[in-house]
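For reference, the structure is listed below as structure tokens.
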2 protein chains.
Amino acid sequence: MEFDYSTALTHAMGHVMKLHKKNVEYLIQDYDVYPGQPILLMRLANTDGLMQKELARRIQVKPATLTVMITRMEKCGLVERRPDERDQRISRVFLTDKGRLATKAVKEALRILELKCFEGFTDEEKIILQGMLERMHNNLETFYLENTEPSAEPNE
Amino acid sequence: MEFDYSTALTHAMGHVMKLHKKNVEYLIQDYDVYPGQPILLMRLANTDGLMQKELARRIQVKPATLTVMITRMEKCGLVERRPDERDQRISRVFLTDKGRLATKAVKEALRILELKCFEGFTDEEKIILQGMLERMHNNLETFYLENTEPSAEPNE
DNA sequence: CCCCGTTTGTTAGCTGGCTAACTAAAATGT
DNA sequence: ACATTTTAGTTAGCCAGCTAACAAACGGGG
């Protein structure tokens, strides 16, 4: 009656995501884009000019992490910071022209890879998978909140 | 006719895995075990005494990465290196008693989390998901090999 | 008006992943 | 038997993620 993690579904899922990441890196290697940046570029392509805190929240990363990434990307000329006029604490992040070009390439790479990844899948299967992922996410989030924020049921 | 990565299934899957990792980190925080180590400990619990290269291959990590991890874990007293008697280049990695204790706790945490993650899933659904993950893995691996090792069809 | 708490962002220092360049030991070949 | 190549592991230096401690700007209360 042993639990064998090597057969766990989350373990298999981790391997798939690792392989996906390796593929992304291969496809974007000719641009000045590093491993963590595609997801950030996709977010910026969608909505430019967010403040860093909000941007960090959207891509599920801590503000401190984003600071370093943005600084690097600014040096590469992919993005630029512009201070907010009203609130001097805030700096808003925008894509440069070079950034927009890189974003286009990254988006195409991700599109191709998504196609390849689900080759042979029916639309119905993809919908089923999406539903499962949502349920997993809910389960994990509930578990996390229950453990870290035992604010509910304070007594008894 | 735009591709929107925020709706991509791999994107959703990445979020699920991130949340999973956050939960693992929460559950093991009281032990001298760091984020990348659970998967390594699980492997060692399964088969002790592997040479580093083989161990790296099993957990899908480069040998250089493993060197640093093992060195740190050796300092923490979780594992120990023993030189191979026949081949002086090889060092084999073993769990210590402390390592075995930590492994037990990690395994329990992963078991609980796996249960929570798939709460509400039927056995059939889990089998379906497993099949999908295998197909995704195959698709991505095939794509990677086709691109990086165009050894097949050398001409024409 | 000024002090104090809050919010935004940065810096420092850690783990973990990678590649590239290196060392040392073993295996091979002439 | 010696030189060469191959293999295992390490080191250095990079990017990405985190936490903790900090600086600077905003805002509200007395």
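Chain naming here is simple, since letters A, B, ... match the order of the sequence lines and numbering starts at 1 in each.
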Ring pair (Phe, Tyr, Trp, His ring centres under 6.0 Å) partners of Tyr34(B), counting only residues at least two apart
none
When you list every nucleotide of DNA chain D with an atom under 4.0 Å from a heavy atom of chain A, which one comes first 5' to 3', and which comes last?
dC15(D) to dC26(D)
The bend of the helix from dC1(C)-dG30(D) to dT30(C)-dA1(D), taken between the axes of its five terminal pairs at each end and rounded to 10°, is 10°
Hey, are Glu119(B) and Lys116(B) close enough for a salt bridge, meaning a charged N less than 4.0 Å from a carboxylate O?
yes
Please verify the inter-ring angle class for Phe118(B) with Phe121(B); under 30° counts as parallel, over 60° as perpendicular, anything in between as tilted.
perpendicular
Arg81(A) side chain to Thr71(A) side chain, donor-acceptor N/O pair below 3.5 angstrom:
yes
Under the salt bridge (Lys or Arg N to Asp or Glu O under 4.0 Å) test, which residues partner Glu134(B), sequence neighbours left out?
none
Does anything in residues 78-103 of chain A reach DNA chain C, meaning a heavy atom under 4.0 Å, and if so which residues?
Arg81(A), Arg89(A), Ile90(A), Ser91(A)
Which of parallel (below 30°), tilted (30 to 60°) and perpendicular (above 60°) describes His137(B) and His15(A)?
tilted
Once rounded to the nearest 0.5 Å, what's the spacing between atom OG1 of Thr10(B) and atom CE of Met136(B)?
7.0 Å
Interface limits on DNA chain C, where chain A has a heavy atom under 4.0 Å of a nucleotide atom:
dT7(C) to dT11(C)
Sorted by number, the residues of residues 11-48 of chain B with heavy-atom contact under 4.0 Å to DNA chain C:
Tyr34(B), Pro35(B), Gly36(B), Gln37(B)
Residues in salt bridge (Lys or Arg N to Asp or Glu O under 4.0 Å) with Lys98(B), at least two apart?
Asp32(B)
Would you kindly confirm whether Tyr5(B) and Tyr26(A) end up in one hydrophobic cluster when ILVMFWY residues are joined by side chain heavy atoms under 4.5 Å apart?
yes
Please list residues of residues 52-61 of chain A whose heavy atoms come under 4.0 Å from any atom in DNA chain C, ordered by number; otherwise none.
Gln52(A), Lys53(A)
Hits for salt bridge (Lys or Arg N to Asp or Glu O under 4.0 Å) against Glu80(A), two or more places apart or cross-chain, chain-then-number order -> Arg82(A)
Examine Val16(A) and Ile128(A) and state if one hydrophobic cluster contains both, with Ile, Leu, Val, Met, Phe, Trp and Tyr joined whenever side-chain heavy atoms are less than 4.5 Å apart.
yes
Stepwise side-chain contact (heavy atoms from CB on, under 4.5 Å) check, Leu9(B) with Met132(B)
CA-CA 12 Å; Leu9(B) 287 172; Met132(B) 286 180 173; over 6 Å; no
Under a 4.0 Å threshold between the charged nitrogen and the carboxylate oxygen, would Glu54(A) count as salt-bridged to Arg58(A)?
yes
Is it true that Leu115(A) and Leu19(A) fall in one hydrophobic cluster, defined by side-chain heavy atoms closer than 4.5 Å?
no
So which residues get pulled into Met51(B)'s cluster when ILVMFWY side chains under 4.5 Å apart are joined, directly or through others?
Ile90(B)
Specify the residue among Ala64(B) and Arg72(B) whose closest nucleotide of DNA chain C lies further upstream toward the 5′ end.
Arg72(B)
Residues which pass salt bridge (Lys or Arg N to Asp or Glu O under 4.0 Å) with Glu25(B), listed by chain and number, not counting sequence neighbours:
none
Euclidean distance, Thr65(B) OG1 relative to Gln52(B) CD, rounded to 0.5 Å
11.5 Å
